[in-house]
Number of protein chains: 2
Amino acid sequence: MEKIGCTIHRIRIEKGLTQKEVYGKIVSRSFASRFEKGANDIGASKLFLILDNLAISADELRYIQQNYQPSPLEQALLTVMKAYAAQNFPAISQWIQEHSHSPHAYDKLVSSYASILLLAYDHSSIGITTTTRPIYLHLQQAKMWTIQELKLVNILVPIVATTKGLSALHPLTERMVANCLHYQTKWGDPFNVLNNLVEFYGTLLQTYLNFHDYQAARQLKSKITALNSHNLNWDGRLAQQFWIGIWELYFGDWTLGNELLDEVTALEKRHKPRIDNTLFAIRKLRTQAAKTYRQ
Amino acid sequence: MEKIGCTIHRIRIEKGLTQKEVYGKIVSRSFASRFEKGANDIGASKLFLILDNLAISADELRYIQQNYQPSPLEQALLTVMKAYAAQNFPAISQWIQEHSHSPHAYDKLVSSYASILLLAYDHSSIGITTTTRPIYLHLQQAKMWTIQELKLVNILVPIVATTKGLSALHPLTERMVANCLHYQTKWGDPFNVLNNLVEFYGTLLQTYLNFHDYQAARQLKSKITALNSHNLNWDGRLAQQFWIGIWELYFGDWTLGNELLDEVTALEKRHKPRIDNTLFAIRKLRTQAAKTYRQ
DNA sequence: ATGTAGACTTCGGTCGACC
DNA sequence: AGGTCGACCGAAGTCTACA
C-alpha cells in the first residue's frame with residue numbers, strides 16, 4: 001500500500017500547489033518533505049488540516065491512496081447491498097458464510113447487517129438469530145445513529161412491527177427523525193440522510209397499511225410533505241412523490257395519486273432493465289388494496 | 001475542538017463495540033484507553049484502520065467531531081456554490097473580497113473557484129484575471145483531477161470555447177472522460193462523478209449549438225446515451241434525459257424530444273419554488289432555435 | 001471489559017544549515 | 001521552491017501490572 005504522504009505529494013503536484021501553501025503552519029518544512037517521501041506517518045488531526053488546504057476530502061484521499069478503490073469496509077457493504085438490490089439472497093447467505101471467521105473486525109459488522117437484510121426478506125423462517133440480535137438490539141437502544149444505522153433502520157421497520165407491535169414504531173420514528181436532524185446543516189444535507197428518511201416513511205406507510213392501521217397511515221402524509229424538497233436530491237424527491245402518490249390512492253385524490261405515480265413510473269419505463277422493479281409491484285398491489293379500502 | 005479520540009469513544013460506545021473489536025491489532029490496549037481520553041493524537045493510517053472497524057467514514061467522523069458541521073473548506077465551498085445556484089453573483093464577489101486576505105490557505109482555492117464562477121457568468125467583462133489564471137491553467141494542464149476539478153470543469157467549457165476555440169474542447173472532453181473513469185469501480189460510482197459528466201456533456205451540447213457546430217453537437221447523443229443509467233442516480237438520469245430531449249429537438253424525433261422534456265419538467269413543476277429554474281429557460285430557448293435550425 | 005500508572009522505546013516532528 | 005542531513009525533543013505507542 002502506498003504511503004499517505006506519497007499520495008498527498010502526487011495530489012499536491014497535480015494541483016500545482018507549493019508545500020508552503022499546503023503545510024503552512026501545520027508542520028515544519030523539513031518534515032513535510034520527509035512525509036511526502038513516505039518516510040513518516042502523520043498525526044490524524046494534522047492530516048485533516050492539510051486536506052483542507054488541498055481541497056480534498058478524507059474519503060477521496062483514501063480512495064486514491066488505495067489505487068482508486070473504496071475502503072475494505074465499503075467494498076464489503078457494497079457487495080452485500082448490491083446482492084440485496086438484485087434480490088440475490090443466496091449470495092448474501094454465502095457472503096456471511098465466507099466471512100464468518102474473517103480476521104477483520106468490520107466483517108462481523110457487515111455480517112450483522114447482511115443478516116438483517118435476510119431477516120427483512122423472510123423473518124418468519126429465519127427469525128432473530130444470535131448473529132442478528134446484537135445489531136437488532138443496538139438499533140433499538142442506541143440514541144445516536146451514524147449513517148450506516150440510518151441506512152439500515154428502514155428495513156428493520158416490518159420486523160419491529162411484527163415482534164413488538166405497531167406501537168413500537170412511534171419511538172423508532174422519533175429517533176429516526178431526531179438522528180436525521182443531526183445531519184442537517186444550514187448548507188443542506190451533506191450526507192443525503194433525508195433520502196433515507198423518505199424511504200423510512202415509505203416503509204412505515206406500507207407497514208401501517210399491511211396492518212390495517214389506517215389512522216396512523218393517514219397521518220403520514222403531513223410528515224412526508226413536511227420534508228423540504230430543496231434539501232433532497234432527485235432520488236429523494238421521486239421517492240417522496242411516489243409515496244405521496246400511494247397515500248393519495250387511499251386517503252386523498254385518486255386521480256392526483258395516479259398522476260403522481262405516472263410521472264415517476266414514466267421515468268422508470270425509460271430504463272431497461274428497470275432501475276427499481278419494486279415500484280411497479282408496489283403500485284399494482286396498492287392500487288388494488290386502495291380500491292378495496294375505499295369501499 | 002473535541003479530540004478525535006473522544007469522538008471515537010462516543011461512537012464506539014453508541015455502537016456497542018468493545019475496544020478490542022475496534023482497536024484489534026492496530027494499537028495496544030493501554031494506548032487505546034489513553035487515546036479515547038483525548039490524551040493522545042493518533043497516526044493517520046492507524047486511524048483509517050480503526051474507522052473501518054467502527055463502520056464509519058473519515059468524512060463522517062470529522063463531521064461529528066466538529067459538532068455536526070462540515071469542514072471549513074466544505075463550508076466555504078457550499079456558501080459559494082449556494083450563491084451561484086441562486087445566481088447571486090454579488091454575493092460571490094463579496095465573498096472573494098472578504099476572504100482575499102484570509103490566513104487559511106484553502107480560502108485562496110475557494111477564491112479561485114469563485115472567480116471562475118464569476119468568469120463563467122460573464123467572461124466578456126471580467127476576463128481572465130490574475131486570480132483566475134492559475135486555476136484556469138491548472139485545469140487545462142493537470143492530468144489528474146480530483147472531485148473538485150470534476151465539479152468545476154463544466155463551467156469552464158464556454159470560456160475555453162471562446163478563448164481557445166471549439167477544437168480545444170476535444171482534448172478537454174477526453175480528459176474529463178478519462179478522469180471520471182478513474183472513479184468508477186465494479187461497485188458503481190461512489191462519488192457520483194458521472195453526474196458531473198452528464199452535466200459536462202450538456203454544457204458541451206449547448207456550446208456547440210451556440211457556435212453552430214451542428215456536426216459536433218450531433219455526435220454527442222451517442223456519448224450521453226453510452227453512460228449506463230444504472231450507474232447514475234436520479235439526478236444524473238434526469239439530466240441525461242433532459243439533454244437527450246434537447247438533442248432530439250434538433251436532430252432527432254421532435255415528438256419524442258418533447259415527451260422526454262415534458263417528463264422532466266412535469267417533475268419540476270411539482271416544486272415551488274423551482275428546484276432548477278434554468279431548465280425551463282433552456283428548453284424555451286432551444287425549442288425556438290431548433291425550429292429555426294430544422295428549416 | 002476498561003482505566004490507570006510507570007518504565008521504556010520508537011518515531012513523529014522541529015530547527016538550522018547546506019545544496 | 002524543495003530535498004537532505006544531523007541533532008535534538010517531545011509525543012506516540014508498547015509492555016507489565018494492578019485495580
Side-chain angles (χ1 to χ4, degrees), chain A residues 1-54 58 61 65 105-106 108-109 112 130 133-135 137-138 141-142, chain B residues 1-54 58 61 65 105-106 108-109 112 130 133-135 137-138 141-142:
Chain A
M1 181 80 67
E2 188 185 44
K3 291 288 175 64
I4 293 179
C6 304
T7 312
I8 292 209
H9 175 74
R10 281 164 44 216
I11 297 170
R12 180 178 66 78
I13 298 301
E14 285 292 340
K15 290 223 178 196
L17 299 167
T18 68
Q19 288 187 342
K20 193 179 180 182
E21 286 172 310
V22 171
Y23 298 99
K25 312 245 156 170
I26 303 168
V27 292
S28 70
R29 211 177 62 75
S30 67
F31 176 75
S33 184
R34 285 193 290 126
F35 168 62
E36 287 195 348
K37 264 187 65 189
N40 285 104
D41 198 1
I42 191 172
S45 40
K46 288 176 186 171
L47 178 65
F48 284 149
L49 298 174
I50 290 167
L51 290 179
D52 281 336
N53 287 338
L54 265 180
L61 169 73
Q65 189 215 348
Y106 52 80
K108 286 178 195 161
L109 264 168
S112 287
T130 44
R133 183 169 291 112
I135 198 167
L137 290 174
H138 158 56
Q141 290 167 355
Chain B
M1 182 80 65
E2 187 184 43
K3 292 288 175 64
I4 294 181
C6 304
T7 312
I8 293 210
H9 174 77
R10 280 164 45 214
I11 297 170
R12 181 179 65 78
I13 298 301
E14 285 292 340
K15 290 222 177 197
L17 299 167
T18 68
Q19 288 188 343
K20 192 180 180 182
E21 285 171 311
V22 171
Y23 298 99
K25 311 245 157 170
I26 302 167
V27 291
S28 70
R29 212 179 61 72
S30 67
F31 176 74
S33 184
R34 275 167 41 228
F35 167 63
E36 287 195 347
K37 264 186 63 189
N40 286 101
D41 198 0
I42 191 172
S45 41
K46 288 174 187 173
L47 178 64
F48 285 150
L49 297 174
I50 290 167
L51 291 179
D52 280 338
N53 287 338
L54 265 181
L61 169 72
Q65 188 216 349
Y106 53 79
K108 286 180 195 162
L109 263 168
S112 287
T130 44
R133 184 171 289 112
I135 198 166
L137 291 174
H138 158 56
Q141 290 167 356

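Quick note: numbers below take in every heavy atom, side chains included, and nothing from hydrogens, waters or symmetry partners. Sequence lines set the chain letters: A, B, ... in the order given, protein chains first and strands last, and positions in each chain run from 1.
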### Pair of N/O donor and acceptor under 3.5 Å linking D/dG13 base with B/R29 side chain
no
### Interatomic spacing from CD1 in A/I8 to CG in A/L47 - rounded to 0.5 Å
5.0 Å
### Task
Examine distances only and state if a side-chain atom of B/E21 and a backbone atom of A/A105 form a donor-acceptor pair shorter than 3.5 Å.
no
### Query
Could you give the CZ-to-P distance, from A/F31 to C/dC15, as a whole number of Å?
13 Å
### Query
Separation of A/F35 atom CZ from C/dC11 atom C1', in whole Å?
14 Å
### Query
Considering only C/dT4, D/dA12, D/dG2, which nucleotide approaches the side chain of A/T18 most closely?
D/dG2
### Task
Provide, to the nearest angstrom, the distance between the NZ atom belonging to A/K20 and the P atom belonging to D/dG3.
16 Å
### Task
Find the distance A/Y23:OH to D/dA1:P and express it as a whole number of Å.
15 Å
### Task
Nearest 0.5 Å please: distance from the CG atom of B/L61 over to the CZ atom of B/F48.
9.5 Å
### Query
Applying the salt bridge (charged side-chain N to carboxylate O under 4.0 Å, His left out) test to A/E36, which of A/R10, A/K3, A/R12 qualifies?
A/R12
### Message
As an exercise, state the distance from CD1 of B/I11 to CD1 of B/I50, rounded to the nearest 0.5 Å.
### Response
12.0 Å
### Task
Give A/A44 one of three labels, base, sugar-phosphate or nothing, depending on what nucleic acid heavy atoms sit under 4.0 Å from its own.
nothing
### Message
I'd like to know whether B/I26 forms a side-chain contact (heavy atoms from CB on, under 4.5 Å) with B/N53, so could you lay out the CA-CA distance, the side-chain angles of the two residues, the decisive distance to 0.1 Å, and finally the verdict.
### Response
CA-CA 10 Å; B/I26 302 167; B/N53 287 338; 3.7 Å; yes
#### Entry: Nearest listed nucleotide, side chain of B/S30, among D/dT4, D/dC15, C/dT14
D/dC15
#### Entry: Spacing of CD belonging to A/Q19 relative to CZ belonging to A/F35, to within rounding of 0.5 Å
10.5 Å
### Task
Starting at NZ of A/K25, measure out to CG of A/L49 and round the result to the nearest 0.5 Å.
14.5 Å
### Query
From A/Y23 OH over to A/T18 OG1, what is the distance, rounded to the nearest 0.5 angstrom?
10.5 Å
### Message
Is it the case that D/dG13 (base atoms only) and B/R34 (side chain only) share a donor and an acceptor within less than 3.5 Å, ignoring hydrogens and angles?
### Response
yes
## Note on the structure
Separation of D/dA12 atom P from A/D41 atom CG, nearest Å, is 12 Å
### Task
Would you mind telling me which of D/dA12, C/dT14, C/dG12 lies closest to the side-chain atoms of A/S28?
C/dT14
### Task
Could you work out which one of C/dC18, C/dG13, C/dT2 sits closest to the side chain of B/Q19?
C/dT2
### Query
Reading DNA chain D 5' to 3', how would its secondary structure be written in dot-bracket notation, given Watson-Crick and G-U pairs with both distances under 3.5 Å, brackets [ ] for crossing pairs and | for partners on other strands?
.|||||||.||||||||||
#### Entry: Within residues 2-13 of chain A, residues whose heavy atoms come under 4.0 Å of DNA chain D
A/H9, A/R12
### Query
Looking for any heavy atom pair under 4.0 Å, which part of the strands does B/S33 touch: base, sugar-phosphate only, or nothing?
base
